Amino acid sequence: MSKRLEIASILKQPPLNETITVMGWVRAFRNNRFIALNDGSSFHNLQVVIDPEQLDEQILKQIHFHSCIKATGQLVESKGAGQAFEVIASEVEILGDSSPEEGYVLQPKAQTPEFLRENAHFRMRTNTFSSVFRIRHGIAFAIHKYYNDRGYYYMHTPIITGSDAEGAGEMFHVSVFEPNKAPTLPDGSIDWKQDFFAKATNLTVSGQLQAEMGALAMGKVYTFGPTFRAENSNTSRHLAEFWMIEPEVAFFDIHDDMDLAEDFCKYLIRYILDTYPDDVAFLDKRIEDLEKNMPKEQRRPMGLLETLRFVVDNDFERITYTEAVDILLNSKPYKKGQFEFPIEWGKDLQAEHERFLVEREFQKPVIVRNYPKDIKAFYMRLNDDGKTVAAMDVLFPGIGEVIGGSQREERHGHLVKRMQEMNIPEHELWWYLDLRRFGGAPHAGFGLGFERMVQFITGMSNIRDVIAFPRTPGSAEF
RNA sequence: GCCUCAGUAGCUCAGUCGGUUAGAGCGGCGGACUGUUAAUCCGUAGGUCGUAGGUUCGAGUCCUACCUGAGGCGCCA
């Protein structure tokens, strides 16, 4: 019996004229004779050629779209034009039929992402989704490689958190109480002291505060883990469960932080361009085909591949919030009254404003820094002007904010004052304040939305299509 | 949470001004095919028109509510 080989390794080093065994899923079956087989090891298929007259009729009938088969035969140079090699099968075995008659619904044609999302248990068998998930893996790997190569330590921050003050929106509660059976105090409120952790707990919305402990001891750390937000956000850029990367670095100021963010983004894109060129090329072609049928104004200004290369090859634009406001106030859409929301120093930039800056004014990624303190979180470092904080957002074309970060407030007095102003209970974050009282240091960090980066690199328009199991309001299937 | 649009065969869609038996391509099923590239060709089956009400002689088509999905906004990564 010949050894089973993966298609990726066969294409890399073809064992020509040897008898080999391959296993995989049928992507196409043409002319009763040609099977395009894919085993996921590579974007590419291997053609298996069968002789319908020699093959058992029962087996022939089970060679359906996405049936799983095992084929043994000689690897030869292909007589056809579409591929270099093919296997002349002497033996074919059906490992798993996938009969449409029994209800298999996927078809060998373009299918909508919405339909495939409803059939998410099968969608990785398609070209598009297998490419997306190979690239997703590649980005995850590159993240660890990037930080490991630079002396950062990977830190696991808690998924269940006891602090209610992380300041990043609605949280999912974690409790062992049965609904409506929770013990209550005389005033009717729930007695969390009787719960599993003897306090109210939630799923984490950020590992940043804990990562700061690491940075102020180990110097350079990063987290990469699941993050949960119970916000009722219904957009193509939001998930209730997503993955976030949060580097946190001692002795970094806001400029070091921006340098890291830019270098990191470019590294990830370059890594994927270098490592998964076939998958990127396919996704590039996919978007080109999709946009053929769209009106010009809805198309991207550049193709996917072109956009990725452009981001890698050009410096990100860096401006302050105050400069951004000035640019917007002098912009054509503002003067023509085309913005829906007002522009005024002190108000947060709306999506339409960010989009103008990134897609019209600069036409490249933009880092906006030094936001008014009143629209940002308590832990961001107050600038000398007393009005702004050392915060920065990295804005990408198409998907908006990919990174949000800041230099952290390391001065104990300043931090306490901010917490009081913003009604953050000091006793809950006693340890966070202690980090400023004992051996504190300037430090900075940011959070990168993993799925948003995957979205950007793959060009998928909905974030639900770059995570295997999307969790969104009203939806937790699979 | 707000706004807009959509829901017709397994999938993607067409269905005119409210009018008789609801249409196509793909897929399925049956057949043909020794070089195909989402193969092609011939034949064939398949629909309670999202759900519930309402208007009307008559509703896929008009109205109301709800459900589901998409896009945009807000919130954010």
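Only this structure's heavy atoms are used, side chains among them; waters, hydrogens and symmetry mates stay out. Given the structure is predicted, the values throughout are model-derived calculations rather than measurements. Quick note on labels: first sequence line is chain A, next is B, and so on, each numbered from 1.
Side-chain nitrogen and oxygen atoms of A:Ser236 include at least one within less than 4.0 Å of the OP1 or OP2 phosphate oxygen of B:rG72. A close approach under 4.0 Å does not occur between any side-chain nitrogen or oxygen of A:Arg452 and OP1 or OP2 of B:rC76. An OP1 or OP2 oxygen of B:rC73 is reached within less than 4.0 angstrom by a side-chain nitrogen or oxygen of A:Arg355. Between A:Thr112 and B:rU12 there is a side-chain N or O to OP1 or OP2 distance below 4.0 Å. Here A:Asn462 reaches the OP1 or OP2 of B:rG71: one of its side-chain N or O atoms lies under 4.0 Å away.
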Any protein N or O atoms within reach of nucleotides 42-45 of chain B? Criterion: under 3.5 Å, listing atom names and distances.
none

Are there any protein N/O atoms within less than 3.5 Å of an N/O atom in nucleotides 47-51 of chain B, and if so, which ones and at what distance?
none

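Atom CZ of A:Phe339 is separated from atom C1' of B:rG72 by 16 Å (rounded to the nearest Å). Atom NE2 in A:His353 sits about 15 Å away from atom P in B:rC76, given to the nearest Å. A:Leu106 places its CG atom 15 Å from the C1' atom of B:rG28, with the value rounded to the nearest Å. Taking atom NE2 of A:His238 as the reference point, atom C1' of B:rG71 lies 15 Å away to the nearest angstrom. The distance between atom CE of A:Met453 and atom C1' of B:rA77, rounded to the nearest whole Å, is 11 Å. The CD-P distance, from A:Glu359 to B:rG72, rounds to 11 Å in whole Å. One can place CD of A:Glu118 at 13 Å from C1' of B:rC67, the figure rounded to the nearest angstrom. As a whole-Å value, the separation of A:Phe65 CZ from B:rA39 C1' is 15 Å.
Ion pair A:Arg136/A:Glu451 flagged as a salt bridge, since at least one NZ, NE, NH1 or NH2 atom sits closer than 4.0 Å to an Asp/Glu carboxylate oxygen. Using a cut-off of 4.0 Å between Lys/Arg side-chain N and Asp/Glu carboxylate O, A:Glu352 and A:Arg355 are scored as not salt-bridged. Between A:Asp279 and A:Arg286 there is no salt bridge, since no side-chain nitrogen of the basic residue lies less than 4.0 Å from a carboxylate oxygen of the acidic one. Salt bridge absent: A:Glu288 and A:Lys285 never bring a charged side-chain N and a carboxylate O closer than 4.0 Å. A salt bridge links A:Asp315 with A:Lys266: at least one charged nitrogen is closer than 4.0 Å to a carboxylate oxygen.
At a cut-off of 3.5 angstrom, the base of B:rC75 holds at least one donor-acceptor pair with the side chain of A:Ser233. For A:Gln107 and B:rG10, a side-chain-to-base donor-acceptor distance below 3.5 Å is present, hydrogens and geometry of angles not being considered.
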* Asked: Hey, mind stepping through A:Phe43 and A:Phe282 against ring pair (Phe, Tyr, Trp, His ring centres under 6.0 Å) and telling me if it holds?
  -> CA-CA 9 Å; A:Phe43 171 78; A:Phe282 173 79; 5.0 Å; yes

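A:Ser331 is linked by a side chain to side chain donor-acceptor pair (under 3.5 Å) to nothing, counting only residues two or more places apart in sequence or in another chain.
Nearest heavy atom pair, residue A:Leu448 against residue A:Met453, reads CD1-CE, 3.8 Å. Contact record, A:Ile7 with A:Asp39: N-OD2, 2.9 Å, taken as the closest heavy-atom pair.
Each of A:Tyr334, A:Tyr321, A:Phe339 was scored for a ring-ring contact (aromatic ring centres under 6.0 Å, His included) with A:His353, with one residue passing: A:Phe339. Here the options are A:Arg408, A:Gln208, A:Gln407, the test is side-chain hydrogen bond (donor to acceptor under 3.5 Å, both in side chains), and the partner is A:Tyr379; only A:Gln208 passes. For the ring-ring contact (aromatic ring centres under 6.0 Å, His included) with A:Tyr222, the qualifying choice from A:Phe446, A:Phe264, A:Tyr147, A:Tyr153 is A:Tyr147, the only one to do so.
Taking the P atoms as reference points, B:rG35 lies 24 Å from B:rG43, given to the whole Å. Atom P of B:rG19 sits at a distance of 13 Å from the matching atom of B:rG15, rounded to the whole Å. B:rU16 and B:rC11 have their P atoms separated by 22 Å, with the value rounded to a whole Å. For the P atom pair drawn from B:rU4 and B:rC13, the interatomic distance equals 23 Å after rounding to whole Å. Here the separation of B:rG18 from B:rU61, taken at their P atoms, is 11 Å to the nearest Å. Spacing of P atoms, B:rG7 relative to B:rU12, comes out at 12 Å, to the nearest Å. For the P atom pair drawn from B:rA24 and B:rC66, the interatomic distance equals 37 Å after rounding to whole Å. As rounded to the nearest Å, B:rU68 and B:rG30 have P atoms that lie 39 Å from one another.
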* To do: Any chance you could list the contact pattern along nucleotides 29-36 of chain B? Use B for base contacts, S for sugar-phosphate-only contacts and - for none, protein heavy atoms under 4.0 Å, 5' to 3'.
  => S---BBBB

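In this structure, the separation between CD1 on A:Ile63 and CD1 on A:Ile59 is 7.5 Å, given to the nearest 0.5 Å.
Across all strands, A:Phe115 comes closer than 4.0 Å only to sugar-phosphate atoms, never to a base (heavy-atom distances). A:Phe450 comes within 4.0 angstrom of nothing in the nucleic acid, heavy atoms only. Residue A:Leu239 is in base contact, counting any heavy-atom pair closer than 4.0 Å across all strands shown.
The side chain of A:Pro108 lies closest to B:rG27, out of B:rG74, B:rG1, B:rG27.
Residues A:Phe34 and A:Phe29 keep their aromatic ring centres 6.0 Å or farther apart.
Each ring pair (Phe, Tyr, Trp, His ring centres under 6.0 Å) pair with one or both residues in residues 61-98 of chain A, not counting sequence neighbours, appears once here: A:His66-A:Tyr104.
Both the sub-6.0 Å distance and the 45° axial angle are satisfied by A:Arg150 relative to the ring of A:Tyr146.
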* Pair assignment for RNA chain B - dot-bracket with | for other-strand partners, Watson-Crick or G-U under 3.5 Å -> (((((((..((((.....[...)))).(((((.......))))).....(((((..]....))))))))))))....

